[in-house]
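Encoded as structure tokens, the structure appears first; notes follow it.
Proteins get letters first, then strands, A, B, ... in listed order; numbering begins at 1 in each. Since the model is a prediction, treat every value here as computed from it, not as a measurement.
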Amino acid sequence: MSTKKIIATIDGNEAAAYVAYRVNEVCAIYPITPSSTMAELADEWSSKGVKNIWGHIPDVIEMQSEGGAAGTVHGALQTGSLTTTFTASQGLMLMLPNMYKIAGELTPAVFHVAARSLAAQGLSIFGDHQDVMAARTTGFAMLGAASVQEAHDFALIAQVATLRARIPIVHFFDGFRTSHEVNKLEMLRDEQIRAMMKDELVILHRSRALNPDHPFIRGTAQNPDVYFQGRETVNSYYNAMPGIMKEVMQEFEQLTGRHYDLFEYTGAPDATRIIIIMGSGSETVGETVKALNAAGEKTGVITVRLFRPFSLEHFIKAMPSSVQKIAVLDRTKESGASGEPMYQDVLSVLVEALQRGLITRLPNICGGRYGLSSKEFTPAMVKAVFDELKNEHPKNNFTVGINDDVTHTSLSYDPAYTLDESSWRQGLFFGLGADGTVGANKNTIKIIGENTDLYAQGYFVYDSKKSGARTVSHLRFGPQPIRAPYLISKADFIACHQFNFTEKVEMLEFASEGATFLLNSPYDKEEVWNKLSGQLQKLIIDKKIKFYLIDATTVARDNGMSGRINTIMQTCYFALSGVLPKEEAIAQIKKAIEKTYYKKGKKVIEQNFIAVDATLANLYEVNYPKKITAEDHALLTVSDQAPAFVKEVTALMMAGHGDELPVSKMTVDGTYPSGTTKWEKRNISDLVPVWEPDLCIQCGNCAYVCPHSVIRAKFYHEDYIQKAPDGFKSAPINARGFPETKYSLQVYLEDCTGCNLCVEVCPASDPANRSRKAINMGEKEPILEVEKRNIGIFENIPWNDRSKIDFSTVHGAQFLEPLFEFSGACAGCGETPYLKLLSQLFGDRLLVANATGCSSIYGGNLPTTPWAVNAAGRGPAWSNSLFEDNAEFGLGMRITADKQLDMARQYLTIMKEEVGAALADSILNATTVVESELNEQRDRVEQLKLKLAESKHADAPLLLSVADQLVRRSVWLVGGDGWAYDIGYGGLDHALASGRNINILVLDTEVYSNTGGQSSKSTPTAATAKFAAGGKSGGKKDLALQAISYGNVYVARVAFGANPQQTLLAMREAEAYDGPSLILAYSHCIAHGYDLKDGLSQQHKAVSSGHWPLLRYNPVLRKKNQNPFVLDSPRPDISLKDYAYNELRYKVLTLTNPTAAEELMKHAQQLVNLKWKTYEEMATKKASDFVPVA
Amino acid sequence: MKIKTSYMGLELNSPVVVSACTLSERTDNIVMMEDNGAGAVVLFSLFEEQIRKEEARFKTVVSETTYAFAEALDYFPDLEDYNVGTDDYMEQIRKAKERVNIPIIGSLNGITSEGWIDYSKMMEQAGADGIEVNIFFIPADITMSSSEVEHRYLNIITAIKQAVKIPVAVKLNPYFSATGNMAMRMQNAGADALVLFNRFYQPDFDINELVIRTDLQYSEAGEIRLPLLWIALLYGKMKLSLAATTGVQTATEVIKYILAGADVVMTASSLYKNGIPYLKTLNKELQDWMYMMGFDQLSAFRGSMSQQHVSDPTAYERSNYIRIMGGIS
């Protein structure tokens, strides 16, 4: 048996999952950030046949929700399986009911939680303890890990303890900060795990299982006579739990040498001031305590490991008797409580200890909050807390890390205070999400962490946009374990992987004096200085920066690695950083290349070696002139036209200074102004569409498909542009009878993501040069200023009168103002064109309930949001409740609209004489189906509101408060397939069955896109996805047919890229239908695995192959005794393969398992054929063959 | 009636060989080919650029979507885990070798020297009995001299022959200044067989849409004349094997090619048109003809109409051309 240490550099999720997988037999999960990786790894290992310590392959199942996962866990536990799950945040909330059951039945299990914020005034995917604190009442024990090593070790300790104690355990660690931090750790060997996991405990667990061979019942309903007593039966188990946990920790120490305790004190033995804390923040406090004590202070920290059951005895033993002041830091917020949970626990145990004589005096105890939603928690903040404890009456219920200028809870701190970081090498890397910077840095950590004695830490920060997203990698290396769960503020190495960041990102603010700055630059060492801004030049000079330059793009291209600058930049880091001596560093990188590419053969390895050598040959130091030669320019500007809130609040968030915003600048209830993306000019694409008026046939296709509403069209009288300067593009409108009318297509090029869809869809080209279309991608830089001016001219031309546009056609729809614009969605997104169309068609009376997912992120993630407002101040009112409840949430909106309409009509009837009978009658009897009718009604309601404002009638204010409802509201429930097919399916089904006038738009990407490609029940047969790595064998749920079965639901299946006209028609029919409607909208997605510029062509193929037949089911037709089922796409004329194998999600299986791929594809084709047959039959039936509409 | 033949050292039960085509993408088809009397099967072509393009395309997709967004750190499995594109080809060789006894010849269409060598080696390791090197190269660069073009061919052959031990056939095009001399030099470079000829991709224009049409037409019987000419000219002057391809629709073309001197005759078009069992018909009609003509084995008539053996060798040369043209005029 090898006793050699296994050293790895992995993140917290992998560290925990590695053990959890080995000590369980069943794993039921549902993906949720930031815990998804644990479940995905378990699934990957299971599909690869990795065995647990008993030699079995654990069964990993993805459920429809966390509620479902918890139920499955409960069932598997009750029948004797060792069962686990991984979750976070709202997921844990959905598990709560089952957790009470599991604990109440004394069932051993461990839930591994990457602790995360809860959705309150806003959703946050980031880390704090709000979720686990909400689970503290369930009866689960709670064990908190503070580091990657602990997440690994505690996964085992928890599993052993739960089996011994029969109390289930939530093992948690900080979301992102620990779950996503890569750190060097010592892995548990299987024999160590085996030694801890005693078979007899497993057998005991099985012996308590439900078994028809010796039956009993569990889960009875109990009455007042015995329930109470029954609840008290578990006390002895909870009393025993801390002792058992300590015992397990001691055994663990004997096996591994790593010491843990329930409450772990570090610091001065005679400390007078201590902090009590749990999770990763304890590492920061611990390191700060060392520094403070070294400076003569007497401080300490108690790290809470076992939070539930909270053991008074163990706590008192851990706390030095010298302590006079205590600050309890909670990473949570419990509004209205007298203090946060751990503060209250500490307070109560100390009072009890005093009463019992275990302590002689009560220290001064205060509580504070820190680090919500991964807010930084730094040594400076720790020092501020200790400093506060020096006061005679330290502030209670304080906050640290923010500026609370409203209720003044916050402690001030000196951001300049840092610990001694001299033994670390700290590097910051600024890259694009798509350029591989993070991947290369993870690789760097692995190389150094696993091949040298150095310790390594990596943490990666992503922005909230899905296109053009920036990443910042924080890498530390040092001779001792790195306990610094906070971002780098003083780096000795800064790399900028994208030259244009020099104008956008404040990078060298984080540079220490004499730091190395590596810039990927298209300019050579002579030219580059003058290409930098004045600010940057100043920082370089002031900080005596060693400035290096490489043209990584060219080096990569010249060495056959086109587009892969990450390897080049990584080599530069190895050469320059000084983490290792240069020769050793280069040797290490070459060794890593050999390891990575050994399967690819010698040539590939040699090619990479050549690239490494070429990198070194092309890496230059810049001898800069030590004087500033460029002018300062603002890093980020928001137009003067922007509203005050955008200037004062949003702009700071956009600039990366959101941390500096005080509480007073925040809205109190999560309400933010609409349409703020227009103020954020992201300029993420160098190539933009250029319109050719002479070739354009004004079809509107480009504007229709543009995912970011970057292309807009108007027609107008030529007088509007009489004074327009040269360069403003227009063409005579191509409709007859309008000689003085012009047409313009305006590209908002600063908002373009360069996806190319507009060019792909353009049907017009130059007969003399077929490659020149009516819209083509061109360089942005030369036309930027002219086009910015043109946008101003274009915006001064009013939008076309909606009542005069025939927007029943794609051509007409282009003239409707989009009220969904410039979102952060992926370049080429297949979802957003539907939302844009929705906003164009019904935007000024639109209510949107948006399920959590991609559409809620690009639709509602701060700093800027895309749902916009028209010139009249109207626009879509948008909200996101949760993931699972969106249908119900939207239904609630409808019910309000209906109820308030009833109320308004009632008041109006009462006030008929007051406001004028003619006006009242015209409002009450109005038909509001078409746009002109809606416009007239809106005018009437405005007249009414004016009269009401002046009226003295008692009901006037009440009618005024609901009068807007007299203009028909359009309620849309929007979300992805994860919501509609899985987690929200029950609600969606119920909402459809309600008969209410709701419109459901499912943006169907056939996979969980937002959380990274997990299988949903919409995932088609033969496609791969996470949790369907071997190809999905089951069929895709036919939500359309299910909805059709109700008879009174309008149903459509659309694909805008295949048939935009049908999409338009379906949306209008659905909205006009006075009842529930469901639109399933095919949405191409990066999770399908191809360049999205081909998205429209793939949509065509999806339809042509029969994978996505276009259809409409209109109950109105059934009422007219016509066949309500209309098949809108022709019989398939290509095979499913011809569509599917253009996409990596299908193709990947042909590479990993060709036999399975062939069989599944055959099966999938059969399903397509059968489905088509069914639809075809339905399309030819009589009306009476369908459910009648009441 | 024996129709056994030898092709670059491989013993074949029939001279009718299935040329590289998509029919061989399925193992069941290869079994059917053997059952219906195919002498050997040249597998569908492995196109290097296709593999590399696909690999690059997927790599780009994966790399651009990995570690780009906090909630979705990746969407796909790690492509480093497997060798995109080549695995299934090699697997097809292995599966075919498990299920049939006839020789399986890998067909390789490369672009880089590493591609030619690496993929040849992989084919050999997978169990291929031979390799057909399909040098599909149009020297569109007008600065490239004929000598450079010729060297390119020879270098590829030399490199592959150094890399593998199994026999190597070269499928070449007819457009050399000195085709016969090139054939000789290819033999000297190590080629074990020549396959005459490759059908170049020849684009057509759509005059209404003003676009290039890239569809590939099946070969027709009328196209056999060029390969027939060169097989007849080369037969007896070379040690290597000669394979005829293009225009084989019936046994007539098979017979003609053997009369010219072909060791094997390859077809795909006829199988697309008539189905794989048509191989049986080709063999039977060949045998029927041999019976009628009194030949008991192929060697009895192979090359009998070649330049060496015809009574009037000038029939293959310019004098024949003059005579024909004169006759027409």
(message) Please classify the contact between Asn1010(A) and chain B as side chain, backbone, both or neither, with a heavy-atom cut-off of under 4.5 Å.
(response) both

(request) With a 4.5 angstrom heavy-atom cut-off, could you sort out which part of Phe460(A) is near chain B: side chain, backbone, both or neither? (result) neither

(message) Taking side chain as everything from C-beta outward and backbone as N, CA, C, O, which of these in Ile125(A) sits under 4.5 Å from a heavy atom of chain B? Side chain, backbone, both or neither.
(response) side chain

(message) Heavy-atom pairs under 4.5 Å with chain B - which of Ala1025(A), Gly431(A), Pro31(A), Ser1009(A) has more of them than the others?
(response) Ser1009(A)

(request) Run the numbers on Phe69(B) and Tyr462(A) for ring-ring contact (aromatic ring centres under 6.0 Å, His included), then give the verdict. (result) CA-CA 6 Å; Phe69(B) 185 65; Tyr462(A) 305 85; 7.9 Å; no

(request) Against chain B, work out which of Ser464(A), Ala1029(A), Gly1013(A), Gly1089(A) has the most heavy-atom pairs shorter than 4.5 Å and name it. (result) Gly1089(A)

(request) Could you look at Asn1153(A) and say if it's the side chain, the backbone, both or neither that has a heavy atom under 4.5 Å from chain B? (result) neither

(message) Side chains of Ser47(A) and Glu44(A): any donor to acceptor distance under 3.5 Å?
(response) no

(message) Just to be sure I understand the criterion: a residue of residues 438-446 of chain A counts if one of its heavy atoms is under 4.5 Å from a heavy atom of chain B. Which ones qualify?
(response) Val438(A), Gly439(A), Lys442(A)

(message) Within this structure, what is the CG-OH distance for the pair Leu73(B) and Tyr67(B), rounded to the nearest 0.5 Å?
(response) 7.0 Å

(message) Which atoms of Thr437(A) are under 4.5 Å from chain B, going by heavy atoms: the side chain, the backbone, both sets, or neither?
(response) neither

(request) Salt-bridge test for Glu98(B) and Lys95(B): reply yes if a basic N is under 4.0 Å from a carboxylate O, no otherwise. (result) no

(message) Let's test your reading of the structure: which of Arg1145(A), His180(A), Lys1147(A), Glu40(A) forms the most heavy-atom pairs below 4.5 Å with chain B?
(response) Lys1147(A)

(message) Which atoms of Ile857(A) are under 4.5 Å from chain B, going by heavy atoms: the side chain, the backbone, both sets, or neither?
(response) side chain

(request) Enter the distance from Thr1024(A):OG1 to Glu1143(A):CD here, rounded to the nearest 0.5 Å. (result) 10.5 Å

(request) Apply the side-chain hydrogen bond (donor to acceptor under 3.5 Å, both in side chains) test between Thr27(B) and each candidate in Gln92(B), Lys97(B), Glu91(B), Arg94(B); give the one that qualifies. (result) Gln92(B)

(request) Quick one: which residue pairs count as a side-chain hydrogen bond (donor to acceptor under 3.5 Å, both in side chains) with a foot in residues 155-167 of chain B, not counting sequence neighbours? (result) Lys161(B)-Asp192(B)

(request) Please check if any side-chain donor atom of Thr33(A) sits under 3.5 Å from a side-chain acceptor atom of Ser36(A), or the reverse. (result) no

(request) Against chain A, label Thr65(B) side chain, backbone, both or neither, depending on which of its atoms sit under 4.5 Å from a heavy atom there. (result) side chain

(message) Taking the six-membered ring of Tyr459(A) as reference, does the cationic atom of Arg177(A) (NZ for Lys, CZ for Arg) lie under 6.0 Å from its centre and within 45° of its axis?
(response) yes

(message) If I measure from the heavy atoms of chain B, does Gln1014(A) come under 4.5 Å with its side chain, its backbone, both, or neither?
(response) neither

(request) Using only heavy-atom distances, determine whether the side chains of Thr37(A) and Glu14(A) contain a donor-acceptor pair under 3.5 Å. (result) no

(message) So for Thr471(A), is it side chain, backbone, both, or neither that comes closer than 4.5 Å to the heavy atoms of chain B?
(response) side chain

(request) Say whether Tyr1008(A) and Thr1019(A), considering side chains only, have a donor N or O and an acceptor N or O under 3.5 Å apart. (result) no

(request) Measure the spacing between CG of Leu432(A) and CG of Asn566(A) and express it to the nearest 0.5 Å. (result) 12.0 Å

